[in-house]
Amino acid sequence: MTTPPDASRTSWWTNWRPDGAPGGTCTRDGQSTLASRGGAVDHLGVSTKGVVTRRNCLEGLGALGAGSLLGACPALEASSDAIAAEQHPEPTEERPDPVAAPQAPANPEPTPAEPAAKPEPEPEVAEVPSPTPRRPHVLFLSIDDLNDWVGVLGGHPQGRTPNIDALAGTGMLFANAHCSAPSCNGSRTATLTGLAPSSTGVYGNAQPWRQHLPDAVTLPEYFRRNGYRSLGAGKLFHGQFPDPRGWDEFHPSLCRQKPERRKGAPKPKRAEGGAKFGTLAWGPLEGPDSDMGDAQTVDWVIGHLPKEDDPPTFLACGLYRPHLPWRVPQKWFDLFPLDSIQLPDVRADDRDDIPASALKRLTHDNDHKKIVAKGQWKAAVQAYLAASAFADAMVGRLLTALRESAVANNTIVMLWSDHGWHLGEKLKWRKFTLWEEATRVPLIVSGPGVPNPGVCNRPVSLLDLYPTLIELCELPPRPDLEGQSFANLLTHPKAGRKRGAVTTWGRGNHSVRTKTWRYTRYRDGAEELYDHKADPNEWTNLASQPKHAELIARLAARLPKKSVRGAPRRKSYTKAQLDCDPSIYFEDDDTEDGEAAED
């Protein structure tokens, strides 16, 4: 392992656990359940056996400073001791030099004094300009369909994501982050162009965004225009609509994001078990992780991590899992025995206070009844947890390689998911809603610009990633971007932020999330209001209560003032009009699901 050359470079990776040992899980209200692995736990929640634990995940991370977690990584602790020894060496006993000149006698004969020599003038030294600081590299890590079932977010008590949790322990965890649209194409287009769905009309999954927005300068393209190498692999844009012009190099090709099977490698075989409900499909696979496409993507990204003398690099990695189908190697299913699975909290009457117009917009609304009737709810939850744990392992491989590289301490890491996912909450499956399960996402920023690990509960949007990164990398600002940089929250996580995080699902349907409230208004004027302090599951719609009229008026002022007509769908174009042939790859569930919201 490469050790940092000086003490200042041990800063943000000090807390990183190379083995990704889980320290516990968080419940949705932030309380922690410590994973007992033996040994005592000190007042900071650090196990004497080197396992990082958390007593209160959403409040305690900020207290876990870099120095307090050195014991969690013995290799770093050793290297830190060595660095300290170099800077402050122990005093050593003086010994006679065997080749020194003989000592003069104790009472030497007096000698005549010599005239003092005139001091020679000191030579002039040319002034050397201080080196220009190098711009940081960026590792932009996207995970498809990962909801808040992440250890540090506490969406599910059995979520097992030790590597993502460890990254959160080194940077800023945004515990109240939300997507701009609850669809792959809508969310990714907004995130990577910096333009809101209500302004572009790209709401769903069947809209070729580049043909509709020919002048949009995407995040990777903007970095490329400003002196960065732009490299990427895996799912960054929606699978059917990659964007070749944003990259210097892309794997497996500029027109294909889905990894191809290695030459001569057999197709992974399905092990016993699994189920299929239309496009909802899952089950274990035989074979190692290396057979999976995400493993190939991570291999490529590791191989393209910048070297110490490389120019600034924007390196993007897009993981497909836990997107459907939830098929990963058997060992990930084995982590979650079926008889131990805990189901989400659900109320049978949860939809009684939901506006009729909202219920009409729900797609695949029979999924829950079918899954429950067939006794497959626990199996589906198990499969999603397994697919998420597999994705977390891929994150761990990549972050370990970065940590051992020469550029670890000059690389900003930004980890995010495009939207959440329902697994029975609100009696709903998949994404495509304006409820918390579909909008809340993991978001972590670590590296230069994040002096202390912590948790920020201010509402932020994926629309804010673009302006934040260009500010952190000191690129020219873009006033036309519709997001708001949250770079200040990396150093002052309690700083004020009034705008809230807005999610749009189809024309005229918007939801705004603040620190404690969610307000949703549909195109026909129907409303929902939830108090997250008292009702984190959004079980009670308060919109009809007169006492909240003033609050609703204030929250409604934060919704978009315009909502443009939906962009043309794929069928409106010929293949010759598309940058890449969309038939090369079709998502398992996204095309049919995304069309309902594009009016």
Side-chain angles (χ1 to χ4, degrees), residues 27-28 145-149 154-159 178-179 181-183 275-282 322-324 326 338 341-385 387-388 419-441 503 505-506 509 511 513 518-522 524 526-532 534-544 588-590 592-597:
T27 60
R28 182 160 273 185
D145 286 12
L146 182 63
N147 64 10
D148 63 2
W149 289 16
H156 191 283
Q158 293 173 293
H178 300 268
C179 64
S183 67
K276 182 176 176 62
F277 293 84
T279 53
L280 274 173
W282 63 83
H323 191 285
L324 288 168
W326 300 323
L338 193 59
I341 293 297
Q342 300 180 41
L343 297 177
D345 292 331
V346 172
R347 282 174 44 172
D349 63 348
D350 193 12
R351 293 189 182 182
D352 289 356
D353 56 4
I354 303 299
S357 56
L359 298 178
K360 288 180 181 179
R361 301 194 63 79
L362 298 179
T363 59
H364 294 267
D365 204 25
N366 289 324
D367 285 339
H368 189 65
K369 291 180 181 178
K370 293 178 181 177
I371 290 172
V372 171
K374 295 291 185 180
Q376 292 292 312
W377 195 357
K378 281 192 173 184
V381 169
Q382 176 198 42
Y384 185 84
L385 290 169
S388 300
H419 45 67
W421 230 87
H422 287 263
L423 287 101
E425 304 93 340
K426 293 282 184 185
L427 313 179
K428 179 75 175 73
W429 289 74
R430 311 176 194 251
K431 46 241 185 186
F432 312 121
T433 77
L434 291 175
W435 294 315
E436 187 84 353
E437 286 76 18
T439 72
R440 193 184 187 206
V441 296
T503 304
W505 180 223
N509 307 297
S511 186
R513 183 68 159 82
R518 172 182 295 283
Y519 170 69
T520 301
R521 187 177 65 195
Y522 296 92
D524 65 352
E527 297 172 309
E528 295 178 58
L529 178 68
Y530 300 102
D531 178 0
H532 268 260
D535 180 23
N537 294 300
E538 298 184 345
W539 282 337
T540 305
N541 181 8
L542 304 173
S544 62
D588 294 298
D589 73 332
D590 284 353
E592 55 184 325
D593 285 349
E595 302 221 354

Chemist: With a 4.5 Å limit on heavy-atom distance, are the side chains of Ile341 and Trp377 in contact?
Modeler: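 No, side chains not in contact.
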Chemist: Among Asp350, Asp349, Asp345, which one satisfies side chain to side chain donor-acceptor pair (under 3.5 Å) with Arg347?
Modeler: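 Of the listed options, the one satisfying the test is Asp349.
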Chemist: Quick check against the 3.5 Å criterion: does Asp535 have a side-chain atom that pairs as donor or acceptor with the backbone of Asp531?
Modeler: no
Chemist: For the residue pair Val381 and His156, establish whether any side-chain heavy-atom pair is separated by less than 4.5 Å.
Modeler: yes
Chemist: Quick check, are the ring centers of Trp326 and Trp421 under 6.0 angstrom apart?
Modeler: yes
Chemist: Does Cys179 offer a backbone N or O that forms a donor-acceptor pair with the side chain of Thr503 under 3.5 Å?
Modeler: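 Judged by distance alone, yes, a pair lies under 3.5 Å.
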Chemist: Would you mind reporting whether Thr433 and Pro182 have side-chain heavy atoms less than 4.5 Å apart?
Modeler: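 Not touching, per the 4.5 Å side-chain cut-off.
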Chemist: Look up atom CZ in Arg430 and atom OG in Ser183, then write down how far apart they are to the nearest 0.5 Å.
Modeler: 14.0 Å
Chemist: Going from OG1 on Thr439 to CG on Asp148, what distance comes out if it is rounded to the nearest 0.5 angstrom?
Modeler: 9.0 Å
Chemist: In sequence, state the C-alpha distance, the side-chain angles, and the governing distance for Trp429 and Leu423, and then conclude on side-chain contact (heavy atoms from CB on, under 4.5 Å).
Modeler: CA-CA 5 Å; Trp429 289 74; Leu423 287 101; 3.9 Å; yes
Chemist: Side-chain contact, heavy-atom cut-off 4.5 Å: Pro355 with Asn541?
Modeler: yes
Chemist: Taking the side chain as C-beta and beyond, is there a heavy-atom pair between Glu436 and Glu425 under 4.5 Å?
Modeler: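 No; the side chains remain at least 4.5 Å from each other.
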Chemist: What I want to find out is whether Arg518 reaches Glu538 closely enough, with some N-O distance under 4.0 Å, to be called a salt bridge.
Modeler: yes
Chemist: Could you walk me through whether Arg440 and Arg513 pass the side-chain contact (heavy atoms from CB on, under 4.5 Å) test, one step at a time?
Modeler: CA-CA 10 Å; Arg440 193 184 187 206; Arg513 183 68 159 82; over 6 Å; no
Chemist: If you round to the nearest 0.5 Å, how far is NZ of Lys426 from CG of Leu359?
Modeler: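 It comes to 9.5 Å.
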Chemist: In Å, rounded to the nearest 0.5 Å, how long is the span from CG of Asp367 to CG of Leu280?
Modeler: 5.0 Å
Chemist: Taking everything shown except Lys276 itself, do over 12 heavy atoms lie less than 6.0 Å from its NZ?
Modeler: yes
Chemist: Using distance alone, with no hydrogens and no angle criterion, decide if Glu528 and Trp435 have a side-chain donor and acceptor under 3.5 Å apart.
Modeler: yes
Chemist: Under a 4.5 Å cut-off applied to non-hydrogen side-chain atoms, are Phe277 and His364 in contact?
Modeler: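 Not touching, per the 4.5 Å side-chain cut-off.
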Chemist: What's the verdict on side-chain contact (heavy atoms from CB on, under 4.5 Å) for His419 and Asp145, showing C-alpha distance, side-chain angles and the deciding distance?
Modeler: CA-CA 6 Å; His419 45 67; Asp145 286 12; 2.6 Å; yes
Chemist: Using a strict threshold of under 4.0 Å (side-chain N to carboxylate O), is an ion pair present between Asp365 and Arg351?
Modeler: yes
Chemist: Decide yes or no on side-chain contact (heavy atoms from CB on, under 4.5 Å) for Leu343 and Lys378, but give the supporting numbers first.
Modeler: CA-CA 7 Å; Leu343 297 177; Lys378 281 192 173 184; 3.7 Å; yes
Chemist: Minimum heavy-atom separation for Ser511 and Thr520, please, with both atom names.
Modeler: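 Closest heavy-atom pair between Ser511 and Thr520: OG-OG1, 2.7 Å.
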Chemist: Roughly how far, to the nearest 0.5 Å, is the CD atom of Glu437 from the NE2 atom of His422?
Modeler: 5.0 Å
Chemist: Parallel, tilted or perpendicular: which fits the ring planes of Trp149 and Tyr384, with parallel below 30° and perpendicular above 60°?
Modeler: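 Ring orientation of Trp149 relative to Tyr384: perpendicular.
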